[in-house]
Amino acid sequence: MSAPIQSVRGMNDILPEETPLWQRVEEAVRGVLAAYGYQEIRTPVLERTELFARSIGAVTDIVEKEMYTFTDRNGDSLSLRPEGTAGCVRACLQHGLLRGQSHRLWYQGPMFRHERPQKGRYRQFHQIGVEVFGIPGPDVDAELILMCARVWRTLGLVEDLRLEINTLGDAEARRRHRADLVAYFRAHEAELDADSRRRLETNPLRILDSKNPEMAEVIAGAPSLLDYLDAEAKAHFEGFRKRLDEAGVRYTVNPRLVRGLDYYNRTVFEWITDRLGAQGTVCAGGRYDGLVEQLGGRPTPAVGFALGLERIVALLEGERGTAAAARAPHAYLAAVGEGPERAALGLAERLRDAVPGLRLAANCGGGSFKAQLKRADRSGAAVALILGEDELAAGRITLKWLREAGRGQETLDLEAAAAALRTLVEAGSRPAG
RNA sequence: GUGAGCGUAGCUCAGCUGGUAGAGCUCCGGACUGUGGAUCCGGCGGUCGUGGGUUCGAAUCCCAUCGCUCACCCCA
């Protein structure tokens, strides 16, 4: 045997024991999005490199050193998408969705960044993103927050997450603030650490976010963007906050909250957890009113967010078992003996026809009676259906309860067995609690 | 890109200062010719990440390399 081929670094397999949790998260989010009238859009994972350079910002780390970029056979420079917004905007422009209409969209899928993998950060990771186009007011910004909050409630994550918000103002305010900020830090350059001195050139706003406690004092004295906001941006932020207050959403204003991507303006927000080590941001987004125009469209207000599925799944890791149990088959059909084995698949089909929603795993590959019951047990099924020579001859089936002590087993005709399974399926599909 | 820790069976790990590998779980079978989840017995399964060095002898010590993990950076 030659050496087995390994997966590519930072690209993870999500194994069967893990997928039920993913499905629970994905279904929770999809359900909430539907409840707010959002529509799904699907775009390619591969785009022209230029799209990301023009949207994310050519000098950001993402574009400079984290994209999977290659030249295809035509000589075009293509990149695996490092985030979803750019492709979403591109698709909307290309198909004329933004001609005076508003759209509330969402998408889901893998994103790719060539970073050093660590907890909560992988080279292929998965996001569910939401983008709203054509609505300028702070009401949509607040709606996005409420939507997130509903997702957290659905998943039982309310206690684990806190909301931080900020406003980045508009382009003009940001430019003036940035100039003053750089001047301030240049005057205090001796107090900056090496990272921040570098950021002075690349992304000075990031200095405000430094984790180095020795820098706390310099940062505290830095000019605050809030002092640069014009009346409109201020009103927008106030409107956003009032709506959150009225909805009873708890948040803190973090004036140092900035974004890694250049296209954001005004409202920005992050949902943060302390339970995941260094990668605490589980969901983040904000307004990006300038991006559509920047990509060649008409000026179109826009706001959105993305949530990191790996991180949310990690928060729910303790519920892996219950998520798996919810997906386990209702029943496992054991068939022992030559005749029963031949009849089993047909019987399973009839039961699936007769009982909508039934999850029935039929034993394949033979095995002793004991072995088949063991598999039934391992499958997580609530009942084992037993088809032996006796049952086959009598046209009946034995239904053995595997999880309820004292319920034992009963041999029924197919009608009665189907009725029992129907009851089981209905009990399982009732919302919990 | 930088730093630290760790690589022994499919999984979780033991293996003391070097004497050429072990447990639990899983899987298969048996005790129990048609009854799982408990117990006991047996079986399958490893060139100790890889390559080199030191040594009579290396899973153990040294070097290199690859991989994983966490942190920095960056970010969802």
Side-chain angles (χ1 to χ4, degrees), chain A residues 1 3-4 6-10 12 15 17 56 60-67 82-85 108-130 148 193-196 198-199 202-203 206 209-212 257-261 269-273 276-286 304-315 332 334-337 340 363 365-392 398-405 408-409 411:
Chain A
M1 268 203 304
Q6 307 270 312
S7 65
V8 175
R9 182 159 157 88
N12 298 128
L15 300 178
E17 59 183 9
I56 296 168
T60 56
D61 275 16
I62 293 179
V63 170
E64 273 188 335
K65 44 193 190 193
E66 292 177 1
M67 284 207 301
E83 56 91 46
T85 300
Q108 167 180 34
M111 309 293 163
F112 304 84
R113 293 182 198 172
H114 192 110
E115 301 177 278
R116 189 85 166 252
Q118 70 185 68
K119 191 184 182 78
R121 192 179 79 180
Y122 311 102
R123 290 184 175 178
Q124 174 175 329
F125 59 101
H126 298 80
Q127 292 187 335
I128 293 179
V130 172
C148 290
D193 59 20
D195 275 333
S196 293
R198 180 179 52 76
R199 283 187 281 229
T202 57
N203 192 352
R206 274 279 162 206
D209 222 10
S210 171
K211 287 174 188 167
N212 187 346
L257 183 68
V258 299
R259 307 275 60 219
L261 287 60
F269 59 88
E270 278 187 25
W271 293 90
I272 301 167
T273 180
L276 291 183
Q279 313 297 326
T281 301
V282 143
C283 171
F305 67 83
L307 45 88
L309 288 178
E310 278 81 0
R311 294 180 185 180
I312 291 170
V313 168
L315 284 176
Y332 188 98
V336 187
N363 187 77
S368 67
F369 211 99
K370 187 189 176 81
Q372 294 199 31
L373 270 186
K374 198 165 183 173
R375 285 175 210 154
D377 186 44
R378 292 280 156 84
S379 77
V383 303
L385 298 172
I386 299 170
L387 183 68
E389 300 288 2
D390 298 347
E391 286 87 353
L392 187 63
T398 296
L399 195 150
K400 176 182 172 71
W401 297 88
L402 297 173
R403 318 275 155 205
E404 292 179 58
Q409 65 183 50
T411 300

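Every chain is numbered from 1, with letters handed out A, B, ... down the list of sequences.
Taking only side-chain atoms of A/E66, from C-beta outward, the nucleotide of B/A71, B/C74, B/U35 with the closest atom is B/C74. With distances taken from any side-chain atom of A/A278 to the nucleotides B/C72, B/A76, B/G37, the minimum falls on B/C72. Residue A/F369 has its side chain nearest to B/G34 when only B/C27, B/G34, B/C74 are considered. The nucleotide whose nearest atom lies closest to any side-chain atom of A/I386 is, among B/G34, B/C73, B/A76, B/G34. Among B/C27, B/A76, B/A71, the nucleotide with an atom closest to any side-chain atom of A/F125 is B/A76.
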Pair A/T411-A/D390, side chain to side chain contact (heavy atoms under 4.5 Å, CB included): steps then yes or no: CA-CA 10 Å; A/T411 300; A/D390 298 347; over 6 Å; no

Side chain to side chain contact (heavy atoms under 4.5 Å, CB included) evaluation trace for A/D377 with A/R403: CA-CA 9 Å; A/D377 186 44; A/R403 318 275 155 205; 3.3 Å; yes

Side chain to side chain contact (heavy atoms under 4.5 Å, CB included) assessment of A/E270 paired with A/L257: CA-CA 8 Å; A/E270 278 187 25; A/L257 183 68; 3.4 Å; yes

Evaluation steps, side chain to side chain contact (heavy atoms under 4.5 Å, CB included), between A/V383 and A/Q409: CA-CA 9 Å; A/V383 303; A/Q409 65 183 50; over 6 Å; no

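Counting any heavy atom pair closer than 4.0 Å across all strands shown, A/V336 reaches no nucleic acid atom. In this structure, A/A284 reaches the sugar-phosphate backbone alone: every heavy-atom distance under 4.0 Å involves primed, P, OP1 or OP2 atoms, never a base. Within the nucleic acid shown, A/G277 comes within 4.0 Å of sugar-phosphate atoms alone, with no base atom in reach, counting heavy atoms only. Contact annotation for A/E17: no contact, since no heavy-atom pair falls under 4.0 Å across all strands.
Taking atom CZ of residue A/R375 and atom P of nucleotide B/G29, one finds them 7 Å apart after rounding to whole Å. Atom CZ of A/R198 and atom P of B/G1 are 15 Å apart (whole Å). Here B/U33 presents its C1' atom at 14 Å from CG of A/D390, a figure rounded to the nearest Å. Rounded to a whole Å, the CD1 atom of A/I312 is 13 Å from the P atom of B/A76. At whole-Å resolution of the value, CD in A/E391 and P in B/U35 are 12 Å apart. If you take CD of A/Q118 and C1' of B/C6, they are 16 Å apart, rounded to a whole angstrom. One atom, CD of A/E270, and another, P of B/C75, lie 10 Å apart when rounded to the nearest Å. Across the protein-nucleic acid pair, A/D195 atom CG and B/G1 atom C1' stand 11 Å apart, rounded to whole Å.
Between A/Q108 and A/L309 there is a side-chain heavy-atom pair separated by less than 4.5 Å. Two residues are said to be in side-chain contact when any heavy atoms from C-beta on lie closer than 4.5 Å; A/I56 and A/E83 meet this criterion. Counting heavy atoms from C-beta outward, A/R9 and A/R116 have side chains that approach closer than 4.5 Å. Side-chain atoms of A/P82 and A/M111, non-hydrogen and from C-beta on, never get closer than 4.5 Å to each other.
One finds a side-chain N or O of A/R9 lying less than 4.0 angstrom from the OP1 or OP2 phosphate oxygen of B/C68. Residue A/R116 has no polar side-chain atom (N or O) positioned under 4.0 Å from OP1 or OP2 of B/A71. Taking side-chain N and O atoms only, A/Q127 has no distance below 4.0 Å to OP1 or OP2 of B/A76. For B/U35, neither phosphate oxygen OP1 nor OP2 lies less than 4.0 angstrom from any side-chain nitrogen or oxygen of A/K370.
Comparing B/U8 with B/A59, their P atoms are spaced 15 Å from each other, to the whole Å. For the C1' atom pair drawn from B/G30 and B/U20, the interatomic distance equals 34 Å after rounding to whole Å. Rounded to the nearest Å, the gap between the C1' atom of B/A38 and that of B/C44 is 24 Å. Taking atom C1' in both B/G53 and B/G18, one finds a spacing of 15 Å when rounded to whole Å. When the P atom is compared between B/G45 and B/A23, the two are found 14 Å apart, to the nearest whole Å. When the P atom is used for both B/C27 and B/G22, the distance is 24 Å, rounded to whole Å. B/C73 and B/C28 have their P atoms separated by 49 Å, given to the nearest Å. On the P atoms, B/G42 is 42 Å away from B/G5, given to the nearest whole Å.
Of all nucleotides present, only B/G67 satisfies the Watson-Crick or G-U wobble test against B/C6, with each distance under 3.5 Å. Across every strand in view, B/U33 sits unpaired, with no contact that passes the Watson-Crick or G-U test at under 3.5 angstrom. Using the Watson-Crick or G-U wobble rule with both distances under 3.5 Å, B/C72 pairs with B/G1. Under the Watson-Crick and G-U wobble criteria, each requiring two contacts below 3.5 Å, nucleotide B/U12 is paired to B/A23. When both distances must be under 3.5 Å, the Watson-Crick or G-U wobble mate of B/C48 does not exist.
The CZ atom of A/R113 sits 13.5 Å away from atom CZ of A/R123, with the distance rounded to the nearest 0.5 Å.
A donor N or O paired with an acceptor N or O is not found under 3.5 Å between the base of B/G37 and the side-chain atoms of A/D377. Judged by atom type and distance alone, A/K400 reaches the base of B/U35 through a side-chain donor-acceptor pair under 3.5 Å. One cannot find a donor-acceptor pair under 3.5 Å joining the base of B/C70 and the side-chain atoms of A/R121. If you check distances only, the side chain of A/Q372 never reaches the base of B/U35 with a donor-acceptor pair under 3.5 Å. For B/C73, its base never sits under 3.5 Å from the side chain of A/R206 at any donor and acceptor pair.
When each of A/E83 and A/K65 is assigned the nucleotide of RNA chain B with its nearest heavy atom, A/K65 is the one assigned upstream, toward the 5' end. In terms of position along RNA chain B, the nucleotide closest to A/L387 lies nearer the 5' end than the nucleotide closest to the other residue of the pair A/L387 and A/P117.
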